[in-house]
> 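Pasting a structure below so you can have a look.
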Amino acid sequence: MAFTQLGLAPKVLEGVRAAGYTDPTPIQLRAIPLLLEGRDLVGSAQTGTGKTAAFALPTLSRLKSHQPQPRCLVLGPTRELAAQVETAFRDYGRFTDLRVCVVYGGVGYEKQLHELRDGVDVIVATPGRLLDLIERGAARLDHVEVLVLDEADRMLDMGFLPDVRRILDRCPKKRQTMLFSATIPPEIETLCRWALRNPERVAIGIARSPAETVSHALYPVAEDQKDALLREILRRINFDQVLIFTRTKHGADRIHHLLRRDGHSVAVLHSDRTQAERERSLEGFRQGKVEIMVATDIASRGLDVEGISHVINYDVPLHPEDYVHRIGRTGRATAAGNACTLVVGSELDQVRAIEHFIGRKIERRKIENFNYVYTRAFEATEGIRSKAVRVGSGFVTSGFGRRRR
Ligand code: AMP
């Protein structure tokens with residue numbers, strides 16, 4: 001079915017055309033008609049499935065034209081995600097006269113206060129700064145008709161649920177509410193019962209599994225060969241842009257310096273950097289000026305940078321769901337992506353937890369002509385010996401080349 005048949009407002013359809021989309025993605029196909037009817041919705045979808053447009057397009061259609069009071073509020077966990085959702089609303093709504101503003105902490109108040117004073121239709125916010133602005137009397141939510149809780153599981157992880165509840169208390173009871181979350185743990189289920197009215201549930205794909213467009217494998221290695229293996233991988237792959245994840249901020253800074261010394265154009269993104277630094281890093285990466293971004297999990301959810309051909313996990317993520325989110329940063333929409341995860345002996349339990357979470361074994365690979373020293377991380381390959389041997393000689397060619405566009 002084409003976008004034109006979904007019942008979206010003509011000016012919003014113009015925005016969709018300008019964005020270059022021809023066909024709706026599965027979650028858009030399912031969610032848009034329900035949301036246009038005004039239904040509440042709980043959506044779980046894999047990363048990169050077009051979730052933002054699934055809620056933004058019907059919302060813009062329903063708001064129709066500018067009014068002085070905010071009528072849509074989108075809450076999300078991180079500044080980066082909020083900024084990205086704001087951009088999406090602006091893009092899709094560019095042929096309407098609707099106004100959008102983004103509200104998050106770590107930056108001055110002036111611009112946000114100014115925009116709110118001028119009157120906006122859509123506020124995209126992280127919870128802390130929004131509460132702050134509400135308490136200062138700068139933001140009012142008593143005209144909100146549409147409320148979106150984006151990446152709800154992440155807001156839970158970050159301890160935002162009490163703030164989210166306080167914000168919800170400021171919104172009218174009669175409203176449309178949608179909640180998106182990759183997984184629905186019991187706390188989110190409770191929130192759904194409390195905040196949503198008889199929601200329709202839309203699950204696209206299996207939220208636990210990585211997108212099918214991403215080819216991913218594990219690279220067992222001894223602890224003190226990790227840097228050497230990382231550099232060797234970067235030398236051998238033919239990448240557009242690479243996102244490297246580390247477990248700690250310190251680790252991110254260290255790899256950043258290491259790769260800069262090697263002559264790469266590289267940026268770093270983690271929560272100890274100032275907001276201005278984070279924005280500069282992200283902008284450089286988005287524009288393709290920076291070829292490698294080193295980040296902690298702050299960057300693993302929702303971020304959408306089209307040029308990412310490879311994700312490298314320098315450390316195995318602690319939470320299995322972060323594995324799915326991290327590697328979902330590549331292979332966005334329908335492009336093919338590659339992800340590799342360095343594994344040391346002490347991380348084998350985490351690997352097992354990830355494999356349990358996604359419901360299957362992840363292929364182990366070794367790269368050719370690399371002077372491996374023995375590590376017990378290799379032992380985990382025993383169970384899938386035939387595969388390991390087969391791919392052992394096929395590293396560069398098997399799914400690790402430049403992504404197809
Ligand atoms: P999201 O899951 O919202 O982060 O979106 C992932 C990517 O898919 C973004 O780059 C969107 O611009 C893109 N996208 C969303 N909807 C469509 C569509 N119908 N056709 C093509 N690309 C889309």
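Just follow the structure's listing: the first ligand is 1, and inside any ligand the first atom is 1. Heads up: numbering here begins at 1 and tracks the sequence.
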> Can you find an N or O of G50 that's nearer than 3.5 Å to an N or O of ligand 1?
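Such a contact does occur with ligand 1.
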> Does R154 make a cation-pi contact with F160, if we ask for NZ or CZ under 6.0 Å from the ring centre and within 45° of the axis?
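No, R154 does not lie over the aromatic ring of F160.
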> Which residue, R326, R329, K249, forms the salt bridge (charged side-chain N to carboxylate O under 4.0 Å, His left out) with D297?
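Looking at R326, R329, K249, the match for D297 under the salt bridge (charged side-chain N to carboxylate O under 4.0 Å, His left out) is R326.
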> Is it the case that ligand 1 has an N or O less than 3.5 angstrom from some N or O of K51?
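There is such a contact, yes.
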> Could you check whether D150 pairs with K51 (Lys NZ or Arg NE/NH1/NH2 to Asp/Glu carboxylate O, under 4.0 Å)?
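Salt bridge flag = yes for K51 with D150.
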> Using salt bridge (charged side-chain N to carboxylate O under 4.0 Å, His left out) as the criterion, point out the one residue from R62, K64, R99, R71 that pairs with D121.
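Single pass found, and it is R71.
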> Any N/O of Q84 closer than 3.5 Å to an N/O of ligand 1?
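For ligand 1, there is no N or O atom that lies under 3.5 Å from one belonging to Q84.
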> Could E355 and R364 be called an ion pair, given the rule that one side-chain N must be under 4.0 Å from one carboxylate O?
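Salt bridge flag = yes for R364 with E355.
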> Does T22, backbone or side chain, put an N or O under 3.5 Å from an N or O of ligand 1?
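Such a contact does not occur with ligand 1.
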> Does NZ or CZ of K366 lie under 6.0 Å from the centre of the six-membered ring of Y219, at an angle within 45° of the ring axis?
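Not satisfied by the 6.0 Å and 45° rule.
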> If we only consider heavy atoms of D23, is any one of them less than 4.0 Å away from an atom in ligand 1?
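It does; at least one heavy atom falls under 4.0 Å.
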> So which bit of Q28 gets within less than 4.0 Å of ligand 1, heavy atoms only: side chain, backbone, both or neither?
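Under 4.0 Å from ligand 1, Q28 contributes side-chain atoms alone.
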> Hey, which atoms in ligand 1 end up nearer than 4.0 Å to a heavy atom of F3?
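Here the atoms of ligand 1 in question are 19 (N).
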